[in-house]
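These notes are about the structure you will find just below.
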Amino acid sequence: MTNKHKVNKKQAKRILLLLVLLIVLIVGIAIATKPQKETMLTQFSPTTGRQMMGYAIQTDAGKLIMIDGGNIGDAQEVEKYILDHGGEVEAWFITHIHTDHVGAFTQMIQNPDITIHHVYASIAKRQWYETYEPSRKEDIDSFFEAIEQNTIQEKIEEPQVGQIYSIDNLEIEILGIKNPEITENAMNNSSMVFQVRTEDTSLLFLGDTGEESSQKLLDTKKDKLKSDIVQVAHHGQAGASKELYQAVAPKIALWPTTTWLWNNDSGTGEDSGPWKTKETRSWLEELNVQENYLAQNGMQTITIP
Ligand SMILES: [Zn+2]
């Protein structure tokens, strides 16, 4: 009787140990094969040598959000990226309709392998663009012709200031839209400005925001501007004001900028150009920005906590 008891106890111990091992194994496998639960930000690279701006954000559940996209010449890079990520774009945010922002977009909307569910853009009347930026007639014509000949028109929604879009783990708040009353540097100053937020991180997209729209943002949304990551306005030169960057106080800066623009090099060496990139660089240095991501250094993807 005593012996039998001993054996049973031994067996029970063994079974318990096996059970514990099994549980450890199952939990281990579950952790190892867990789907990616991270937000990823990709900065596209200028493939033509010309300045451009394009970003993609992948939500923690894998949905794809596009922001601008660059020139027509960058379309191949953008197309490959979208197709590699399933061919489906949940939302496409357009900051403004200059061709270095929407050129690739006008190509993607004609691609039968790509599905775009929503387009968020604050677009003024065609006549307004033609009146205040007659030198960009070609840009204006090619954008309006592309959307007029395409079913994408039905998917374009006009966001309002203060509007918040929730897409998976992200909140996207619109801080600025078109500014028809600002006729100086008209199209850039009508860039849509928005903040993308995860639980822990905020990213501010400025498009090609100029000085006048910077002032308007400071007047109307100053308490909303603070962000961990900023997309530097107008490719890093003659864009947003110093005061705006001070209000943003970013830790990381995304530069949709070519090397020649970064170095202010018009072809005969550093500082030979007329651009104000170095001024913006010095402002961000003063603000102790820890990391700068330069688009010219190739397509880069970073994890957003
Ligand atoms: Zn631009």
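Counting begins at 1 with the first residue of the sequence. Order of appearance sets the numbers: ligands from 1, and atoms from 1 within every ligand. What you see below is based on every heavy atom in this structure, not just the backbone, and it leaves out hydrogens, waters and symmetry mates.
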Quick one: report the N, O or S atom of [X] that is nearest to the Zn ion (ligand 1).
X: His101; result: NE2
X: Asp208; result: OD2
X: Asp100; result: OD2

>> Any N/O/S atom, side chain or main chain, of His235 closer to the Zn ion (ligand 1) than 2.8 Å?
In response: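 So His235 counts as coordinating the Zn ion (ligand 1), yes.
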Is a salt bridge present between [X] and [Y], judged by a nitrogen-to-oxygen distance below 4.0 Å?
X: Lys242; Y: Glu211; answer: no
X: Lys216; Y: Glu212; answer: no
X: Arg50; Y: Asp74; answer: no

> Tyr129 versus Pro134: any side-chain heavy-atom pair under 4.5 Å?
Replying inline: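 Of all side-chain heavy-atom pairs linking Pro134 with Tyr129, none is under 4.5 Å.
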